[in-house]
2 protein chains.
Amino acid sequence: MVTMSEVAKAAGVSVMTVSNVINGHRYVSDATRDRVLAAVDRLGYRVNVAARSLRSGSTGIIGLAVPDIDTPYFGQLASLLIERAARLGYQVVVEQTGATRENELGALAHSRVRRYDGLILSTVELGDEDADQLRSDLPVVALGERLSGGHAVDHVAMANVEGARDATRHLIERGCRRIAAFGAQPGPEVNANSLRTAGYHEALTDAGLDPSPELAVPCAFSMAGGAAAARSLLAGGIPFDGAVCFTDTVAIGALRALADHGVAVPDEVKVIGFDDVEQGRYTVPSLSTIAPGHSEMVDAALRMLGDRIAGRRGEDEHEMFTGPHQLVIRQSTGGP
Amino acid sequence: MVTMSEVAKAAGVSVMTVSNVINGHRYVSDATRDRVLAAVDRLGYRVNVAARSLRSGSTGIIGLAVPDIDTPYFGQLASLLIERAARLGYQVVVEQTGATRENELGALAHSRVRRYDGLILSTVELGDEDADQLRSDLPVVALGERLSGGHAVDHVAMANVEGARDATRHLIERGCRRIAAFGAQPGPEVNANSLRTAGYHEALTDAGLDPSPELAVPCAFSMAGGAAAARSLLAGGIPFDGAVCFTDTVAIGALRALADHGVAVPDEVKVIGFDDVEQGRYTVPSLSTIAPGHSEMVDAALRMLGDRIAGRRGEDEHEMFTGPHQLVIRQSTGGP
DNA sequence: TTGTAGGCGTTATCAC
DNA sequence: GTGATAACGCCTACAA
């Protein structure tokens, strides 16, 4: 392993001069710089980041903890984050929690966190009761909904209520009267399910429609979940003419199940998702959805993390950002 | 930041004893161990990996360079790799190259590589002419096809020729006679396109069918690419009754375009993909495909990397592994 | 403009 | 069983 002192020896200068050249500091003559760079090239010297980290106290690495990266939503999130972080000079370690509370806590608690300058934690199962754990010395930004606010974390959220409300309202405007909600799960907890359920109910109530409990079908946020939810209604003979799916993956699964049962979308049932994953442009029919402002969310998360790493915000000042949301109309609700 | 020496002081022992406890070494009495662990807990001590890395010379980090992680194929690859690597005690830094040769080389050349114990490089644009660059002091495993073999790298590949041949043969057995290839690009280079094209031709020839150049449509390995390829045939009025798509994403795009043109799959045209991404189970119709043995490939890559990191293989001994492939029959070719 | 000394936190070695 | 010491490679001060 080539070290600075070997380069220094080869170039006939001191270690410090090599360091200055490597880090682009001033006060190095052109001649010296050239000699050093030549030696660097010749010997194949590369900075040892471990030593640099030890010295500087920072690692240049951000952790990203998500349930599973092989999922359209989290894949897109990770892709954006890695790209933007790279521009800021950070690399990203991806941890998969499998959406278990245990692993989400693990991402915080494990010794490995000493490796990160900051952590972006996409919480799914982490609830209010765990918020204390987030008070670590590690800068953390929570990305998700399972926190009711007022907690000791910076937080980036989606417009869950408003998005689900707009999606439901859109179906109502398109003439639907019996609108199912796939992924619904009313409850006191603050999470994507309950917030979107609230938005769904809000739109129904605003339109003078009665929420029918049998149309609020809980399901996993996955294609399999969406397919199962749709099948359960179809098999039960419960009529519906619209489906608000709480994620695009749920919607894709629902489209699949509807196709299996020979139900025409959008003619007999209109379907809308939530997330605006790229996939939705290519389903048959293409999928209407709520775009939750991924790009803005990633930017906000990085900005918050950067501020905190740099100590630009006090221990007890916490920021909150909600992504802008937008209705995207495609074929599954009668769009072009 | 709590250090070992603070813990040592609190527990009334030396730093070395703390280190021994942390690392589970022998020769520590139970009483001492308990005292140390209590102090660790009380002070919230966490190992500083930078210092440990500096000392040990290894980082516990593997790099994974892929074109874009927000893609079903690479997402699945990354997910599997992160999971398996975690079990081996490694974390994974994901780099996105955008499939440019420049960035793929960058993943190798940049100073940052000193951060990795090893690198898994999913080559797309890196060709034979770059193989020399792979001769770095960093353990590297190439995952992909753009290398003709005999090079100075460990290499994990897919059964491209055989997979494409089996896919094509399957369409022929199902009665197709004018079979398009979306993503085809014959040529002397060794890459996924040309190898799969070769397999496609092989199956046609074996069956006594003439490869018709107008049916070999080059396209990007993406949904947009597949849609464009299918549209170009449809718009050109070129008849075809089968389509071998060189990736599942291409196939999903093709399904979309066929649906737009009112072409029934599988009745009028049978479609098969390559990769077996989860998505393909939920398309309408569900997608027949070639499963390339992802799991085995990831295991092989990690094993090779591990061997090399541990120095269990000589500088000039290089290994090569080809994943097992399997035909998966779903609705798009008349399956259940 | 260049060089010297010291320490970041950890662990291997070797005494005790 | 436990502890003192010396590195690992780099960079901030300070000195020359």
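Proteins get letters first, then strands, A, B, ... in listed order; numbering begins at 1 in each. Values below: all heavy atoms of this structure, side chains included; hydrogens, waters and symmetry mates excluded.
Both Gly12(A) and Leu54(A) sit near DNA chain C, but only Gly12(A) has its closest nucleotide nearer the 5' end. Closest-nucleotide positions on DNA chain D for Thr32(B) and Val2(A) were compared, and the one nearer the 5' end corresponds to Thr32(B). Judged by closest nucleotide on DNA chain D, Val15(B) is the one of Val15(B) and Ala50(A) placed further toward the 5' end.
Contact annotation for Ser5(B): no contact, since no heavy-atom pair falls under 4.0 Å across all strands. Counting any heavy atom pair closer than 4.0 Å across all strands shown, Met4(A) reaches sugar-phosphate atoms only and no base atom. Among the protein residues, Val13(B) comes within range of the sugar-phosphate backbone only, with heavy atoms under 4.0 Å from sugar or phosphate atoms but none that close to a base.
Between Thr17(B) and dG1(D) there is no side-chain N or O to OP1 or OP2 distance below 4.0 Å. Using a 4.0 Å cut-off, no side-chain N or O of Thr3(B) falls inside it from OP1 or OP2 of dG9(C). OP1 or OP2 of dT11(C) has not a single side-chain nitrogen or oxygen of Asn20(B) nearer than 4.0 Å. Within the structure, every side-chain polar atom (N or O) of Ser56(B) is placed at least 4.0 Å from both OP1 and OP2 of dT11(C). Contact annotation: Ser19(A) side-chain N/O to dC11(D) OP1/OP2 distance is under 4.0 Å.
Put simply, NZ on Lys9(A) is 12 Å from P on dG9(D), counting in whole angstrom units. Protein atom CZ of Arg35(A) is 8 Å distant from nucleotide atom P of dT2(C), rounded to whole Å. To the nearest angstrom, C1' of dG9(D) lies 11 Å from CD of Glu6(A). Distance Asp30(B) CG to dG1(D) C1': 12 Å, rounded to the nearest Å. Going from atom CG of Asn23(A) over to atom C1' of dC10(D) covers 9 Å, rounded to whole Å. Regarding Arg52(B), its CZ atom lies at a distance of 5 Å from the P atom of dT11(C), rounded to whole Å. At whole-Å resolution of the value, CG in Asn48(A) and C1' in dA7(D) are 14 Å apart. Rounded to whole Å, the distance from CD1 on Ile22(A) to P on dT12(D) is 14 Å.
For Arg35(A) (side chain) and Ala11(A) (main-chain N/O), a donor-acceptor pair under 3.5 Å exists by modelled atom type. Using modelled atom types, no side-chain atom of Arg313(B) and backbone atom of Asp307(B) make a donor-acceptor pair closer than 3.5 Å. Side-chain atoms of Gln96(A) come within 3.5 Å of backbone atoms of Ile69(A) as a donor-acceptor pair (strictly under, hydrogens ignored).
The shortest non-hydrogen separation linking Val66(A) to Ser122(A) is CG1-CB, 4.0 Å.
Taking 3.5 Å as the limit, the base of dC11(D) and the side chain of Arg55(A) contain a donor-acceptor pair of atoms between them.
Defined by atom type and a distance below 3.5 Å, a donor-acceptor pair is missing between the side-chain atoms of Ser53(B) and Arg115(B).
Two residues are said to be in side-chain contact when any heavy atoms from C-beta on lie closer than 4.5 Å; Leu121(B) and Val153(B) fail this criterion.
Comparing dT12(D), dG9(C), dC10(D) against the side chain of Met16(A) picks out dT12(D) as the nearest.
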